[in-house]
2 protein chains.
Amino acid sequence: MDKNKKLTIVDVATKAGVSTATVSRYLNGQLNQMSEKTAAKLKKIIEETAYTRNAAAVQLAKQKSNLVAVLASNIDEYFSSEYFKGIVSILSVQGFIGVLFDSNSDTATESALLETVYNQKFAGLVLQPVSTDHNLIEKFTNDGVPVVLIDRDIGNGKLSTVTTNNFQVTKFAMENFLDTGFNKVTIITEPINHISTRVERVAGIRSVFDHSQLIEVDSEHLDFSGLSNDLDISNPKNLLFVLKERLLIQLLANSDVLNAPQMPQRITGFIDTNIPKYLAPNYKFIQQSPFLMGATAAEILMTQISEKQPEYIKQIVIPSKFE
Amino acid sequence: MDKNKKLTIVDVATKAGVSTATVSRYLNGQLNQMSEKTAAKLKKIIEETAYTRNAAAVQLAKQKSNLVAVLASNIDEYFSSEYFKGIVSILSVQGFIGVLFDSNSDTATESALLETVYNQKFAGLVLQPVSTDHNLIEKFTNDGVPVVLIDRDIGNGKLSTVTTNNFQVTKFAMENFLDTGFNKVTIITEPINHISTRVERVAGIRSVFDHSQLIEVDSEHLDFSGLSNDLDISNPKNLLFVLKERLLIQLLANSDVLNAPQMPQRITGFIDTNIPKYLAPNYKFIQQSPFLMGATAAEILMTQISEKQPEYIKQIVIPSKFE
DNA sequence: TTGTAGGCGTTATCAG
DNA sequence: CTGATAACGCCTACAA
């Protein structure tokens with residue numbers, strides 16, 4: 001019954017009456033190095049037997065894989081899945097495969113994952129960092145494994161990054177709201193934790209508004225009523241700027257309290273989906289382009305991998321739109 | 001300058017003055033098979049050199065990895081990320097690592113991914129199938145690689161599955177709406193395509209309502225106004241049942257047209273987040289438990305892998321709630 | 001407690 | 001055009 005002895009390249013070779021070297025050549029597409037006859041024979045046999053190579057063995061022999069690891073800071077953000085799709089869209093045309101890991105907003109998890117990713121000898125790494133520690137990452141680059149950071153920077157200029165213009169777009173938006181008559185901004189965000197995106201956005205706000213209030217929340221265990229108390233709701237000229245879309249949606253959906261006839265829009269923030277637009281068709285938000293960011297990151301990676309240009313370091317900014 | 005000759009187990013062995021076997025033993029935790037002295041020495045050296053094993057070599061030698069592949073039908077559903085987190089929560093305590101792939105709702109992509117996952121010799125596979133083809137999957141089980149289907153079944157009873165009670169909960173909900181006075185249901189869904197979840201839900205609806213209308217949409221390129229025309233809006237007793245949360249949210253946000261004073265709730269459907277609740281606090285929806293489903297799937301997988309019970313096949317139903 | 005050596009499945013170099 | 005055969009890095013009987 002145990003006909004399931006896994007077949008190997010040796011089986012294929014014997015069955016075809018050739019050496020494993022020839023089979024290997026066929027498998028790697030060097031068809032010009034063999035007669036059409038043997039090529040045809042191999043094609044037939046491989047199809048019939050449904051033989052596929054053991055990837056671990058290939059990797060060990062070739063010292064490289066065709067897998068690209070993507071480490072998202074937290075996959076429950078729509079932002080992540082969108083840039084992952086962008087990455088995959090580019091990788092796939094080159095025969096590479098993207099796999100997604102979830103750091104779960106936890107530095108310990110992140111370093112554990114970086115470790116295994118490193119050991120697996122992936123062809124490349126796209127990282128949305130949660131820690132600002134370089135050390136783990138340097139192991140990759142020292143090994144010649146290309147790395148590109150997405151969304152967030154960790155401030156050593158030696159890595160490729162794809163980010164958005166957090167500071168500028170926030171500033172632009174804030175100037176707009178300043179003109180509308182607001183005089184204070186309350187920022188609602190998850191803990192800043194030196195995360196570049198958050199730092200830059202807050203800076204953008206403060207570059208325009210003298211008065212700002214920072215409320216750090218844990219969106220896992222959100223105390224919504226507690227939050228309401230902290231808000232300076234009585235002041236109709238107090239703008240709410242929400243850095244996390246999920247939270248923004250929640251507030252928008254409960255925004256009755258926030259209506260003030262003379263102030264057309266009391267809430268804004270960064271968004272990744274259209275949902276806030278559905279909730280408030282006339283509001284303006286800051287929209288990112290995660291898919292494009294992912295695709296860009298993958299392109300940088302691909303030129304480093306395929307074109308053998310390990311020195312190809314790029315810092316690219318994909319602008320967000322306020323509209 | 002090229003001090004970056006990658007270090008191997010041999011380097012560690014020589015540096016420690018022992019054989020590679022000893023190092024290997026240390027690496028695999030058989031500390032009782034060596035003197036405390038050498039163990040300490042090894043510990044020190046490995047830490048200093050920051051040596052880590054080449055996972056491909058380990059896999060090749062051991063014929064197994066500690067990676068579990070998760071193939072989501074489409075990661076842009078919140079449902080996916082949630083059950084993935086559930087899976088990881090169980091795997092991690094056993095030292096396994098979950099990696100996520102995206103079939104992108106495409107059968108060709110799915111089979112390509114299954115192929116590479118198979119070749120990579122993952123320890124297990126959690127699959128949310130988009131195709132109903134068994135063949136690819138059988139390669140895994142024939143090889144002794146445990147597979148569990150999540151969310152959707154493909155109707156051969158030989159695989160473990162974790163699903164929800166689609167038919168019953170839908171039926172239950174429909175009976176409720178029937179009592180409220182509705183006499184017709186319009187179902188809005190992506191193409192049914194033999195996908196079990198969709199089939200069962202439609203069946204649940206039709207088991208209660210004699211009159212139903214099925215509208216299949218492509219949520220990628222949604223023609224919202226076209227959709228509105230197809231809807232039998234003039235009939236206030238026509239209930240809208242939306243199978244895709246994203247779409248449901250969109251409709252809820254534009255539901256002014258749907259208000260009919262005498263009919264308290266015109267729209268319902270399956271949901272994975274709280275967002276629809278924010279939009280319509282008094283409405284009732286069908287809520288799934290993706291995290292729990294993921295955790296359950298992972299537990300099945302773990303008993304197959306760790307407990308060496310390859311025959312352990314379970315079909316588990318995690319009920320959804322209508323509330 | 002430790003070492004030796006064959007094996008895991010493929011690739012790639014070097015002959016023929 | 002094809003075939004031996006030494007790597008690739010690690011594990012694991014089997015010995016000692």
Side-chain angles (χ1 to χ4, degrees), chain A residues 4-43 45-46 49-67 116 118-123 143-144, chain B residues 4-43 45-46 49-66 116 118-123 143-145:
Chain A
N4 290 321
K5 179 101 184 52
K6 290 164 211 171
L7 37 152
T8 74
I9 200 174
V10 179
D11 302 317
V12 177
T14 38
K15 215 176 288 260
V18 300
S19 74
T20 62
T22 304
V23 180
S24 179
R25 288 193 194 98
Y26 176 83
L27 258 11
N28 288 288
Q30 17 240 49
L31 302 182
N32 53 329
Q33 297 184 43
M34 71 192 69
S35 71
E36 291 188 0
K37 202 170 171 179
T38 51
K41 199 192 316 172
L42 288 172
K43 178 175 158 69
I45 292 184
I46 290 175
T49 60
Y51 162 78
T52 56
R53 282 177 286 186
N54 180 322
V58 176
Q59 250 182 252
L60 187 56
K62 286 196 178 180
Q63 297 289 324
K64 66 180 176 188
S65 85
N66 66 151
L67 260 40
T116 68
Y118 174 76
N119 293 337
Q120 294 285 337
K121 308 293 177 196
F122 281 78
D143 253 33
Chain B
N4 290 322
K5 180 100 185 52
K6 290 162 212 171
L7 39 152
T8 74
I9 199 175
V10 180
D11 302 318
V12 178
T14 37
K15 218 176 286 260
V18 301
S19 76
T20 62
T22 304
V23 181
S24 179
R25 289 193 194 97
Y26 176 84
L27 257 12
N28 288 289
Q30 17 239 52
L31 302 182
N32 54 328
Q33 299 186 40
M34 71 190 70
S35 70
E36 292 190 2
K37 202 171 173 180
T38 49
K41 200 193 314 176
L42 253 19
K43 178 175 156 75
I45 292 184
I46 289 174
T49 59
Y51 163 78
T52 56
R53 282 177 286 186
N54 179 323
V58 176
Q59 251 184 250
L60 189 56
K62 286 195 178 179
Q63 299 290 334
K64 66 180 179 188
S65 84
N66 67 149
T116 66
Y118 174 75
N119 294 336
Q120 295 285 338
K121 308 292 176 198
F122 281 78
D143 254 34
V145 180

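Just so we're on the same page: letters track the sequence lines, and every chain starts at 1.
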Of the options dC11(D), dT2(C), dT10(C), whose atoms approach the side-chain atoms of Tyr51(A) most closely?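 Between dC11(D), dT2(C), dT10(C), the one nearest the side chain of Tyr51(A) would be dT10(C).
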For Ala39(B) and for Ala61(B), locate the closest nucleotide of DNA chain C by heavy-atom distance; then report the residue assigned to the nucleotide nearer the 5' terminus.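 That would be Ala39(B).
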Checking contacts here: which listed nucleotide (dT2(D), dC8(C), dG9(C)) is nearest the side-chain heavy atoms of Ala57(A)?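 Among dT2(D), dC8(C), dG9(C), the one nearest the side chain of Ala57(A) is dG9(C).
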What integer distance in Å separates Asn32(B):CG from dT1(C):P?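 Interatomic distance, CG of Asn32(B) to P of dT1(C): 8 Å.
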Name the nucleic acid region contacted by Val10(A), choosing base, sugar-phosphate or nothing; use a 4.0 angstrom heavy-atom cut-off, strictly under.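 Result for Val10(A) = nothing.
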Have a look at Ser35(A) and say if it touches a base, only the backbone sugar-phosphate, or nothing, with a 4.0 Å heavy-atom cut-off.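 Sugar-phosphate, backbone atoms only, no base.
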Arg25(B) side chain N/O closer than 4.0 Å to the phosphate oxygens (OP1, OP2) of dT1(C)?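 It does not, given that no N or O in the side chain of Arg25(B) lies less than 4.0 Å from OP1 or OP2 of dT1(C).
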Using whole Å, what does the distance between atom C1' of nucleotide dA7(D) and atom NZ of Lys6(B) come to?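 Answer to the nearest Å: 14 Å.
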Among dT11(C), dA13(D), dC10(D), find the nucleotide with the atom closest to the side chain of Leu27(A).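 My answer, after comparing the listed nucleotides, is dT11(C).
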OP1 or OP2 of dC11(D) sitting under 4.0 Å from any side-chain N/O of Tyr26(B)?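 For dC11(D), neither OP1 nor OP2 has a side-chain N or O of Tyr26(B) closer than 4.0 Å.
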Any side-chain heavy-atom pair from Tyr51(A) and Leu42(A) closer than 4.5 angstrom?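 No, too far: nothing below the 4.5 Å cut-off.
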Nearest to the side chain of Met34(B), heavy atoms from C-beta on, is which of dT11(C), dC8(C), dT1(C)?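 That would be dT1(C).
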Rounded to the Å, how far apart are Asn54(A) CG and dC10(D) C1'?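 Nearest whole value for this atom pair: 14 Å.
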Report which part of the nucleic acid Val23(B) touches: base, sugar-phosphate, or nothing (heavy-atom distance under 4.0 Å, all strands).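 No contact at all - Val23(B) keeps every heavy atom at 4.0 Å or more from the nucleic acid.
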Side chain of Ile9(B) - closest among dC8(D), dT11(C), dC11(D):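 Given the options dC8(D), dT11(C), dC11(D), the side chain of Ile9(B) is closest to dC11(D).
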May I have the distance from Leu31(A) (atom CG) to dC1(D) (atom P), rounded to whole angstrom?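 Going from CG in Leu31(A) over to P in dC1(D) covers 11 Å.
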Lys41(B) NZ: over 12 foreign heavy atoms closer than 6.0 Å: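 Enclosed: over 12 neighbouring heavy atoms sit under 6.0 Å from NZ of Lys41(B).
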Any Ile46(A) side-chain heavy atom under 4.5 Å of Tyr26(A) side chain: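 Yes. Closest side-chain heavy atoms under 4.5 Å.
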Side-chain contact, heavy-atom cut-off 4.5 Å: Asp11(A) with Thr49(A)?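 Side chain of Asp11(A) against side chain of Thr49(A), heavy atoms only: no contact under 4.5 Å found.
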Taking only the side-chain heavy atoms of Thr20(A) (C-beta and beyond), determine which of dC10(D), dG3(C), dT11(C) contains the nearest atom.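 Side chain of Thr20(A) sits closest to dT11(C).
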With sugar-phosphate meaning primed atoms plus P, OP1 and OP2, does Asn119(B) contact a base, only sugar-phosphate, or nothing at under 4.0 Å between heavy atoms?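 The answer is nothing, as Asn119(B) stays clear of every strand by at least 4.0 Å.
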What nucleotide among dG9(D), dT11(C), dG3(C) has an atom nearest to a side-chain atom of Ala21(B)?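 My answer, after comparing the listed nucleotides, is dG3(C).
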Could you check whether any side-chain heavy atom of Val58(A) comes within less than 4.5 Å of a side-chain heavy atom of Asn119(B), counting everything from C-beta outward?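 SC-SC contact between Val58(A) and Asn119(B) ruled out.
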Integer-rounded Å distance: dC11(D) P and Gln30(B) CD: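 In whole Å, dC11(D) P lies 9 Å from Gln30(B) CD.
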Between atom CG in Leu60(B) and atom C1' in dG7(C), what is the gap in whole Å?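 From Leu60(B) CG to dG7(C) C1': 9 Å.
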Measure the distance from NZ on Lys62(A) to P on dG9(C) and round it to the nearest whole Å.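 The answer, rounded to whole Å, is 18 Å.
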dG9(C) C1' sits how many Å from Asp143(B) CG, rounded?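 Result: 14 Å.
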Taking for each residue the nucleotide of DNA chain D bearing the nearest heavy atom, is the 5' side occupied by Thr22(B) or by Ala56(B)?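 That would be Ala56(B).
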Sugar-phosphate only, base, or nothing, as touched by Gln63(A) at under 4.0 Å among non-hydrogen atoms: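 Since only primed, P, OP1 and OP2 atoms lie under 4.0 Å of Gln63(A), the category is sugar-phosphate.
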Can you figure out which of dG3(D), dT11(C), dG3(C) approaches the side chain of Ser24(A) most closely?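 Of the options given, the side chain of Ser24(A) lies nearest dT11(C).
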Can you tell if the side chain of Val12(A) reaches within under 4.5 Å of the side chain of Arg53(A), non-hydrogen atoms only?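 Answer no - side chains too far apart.
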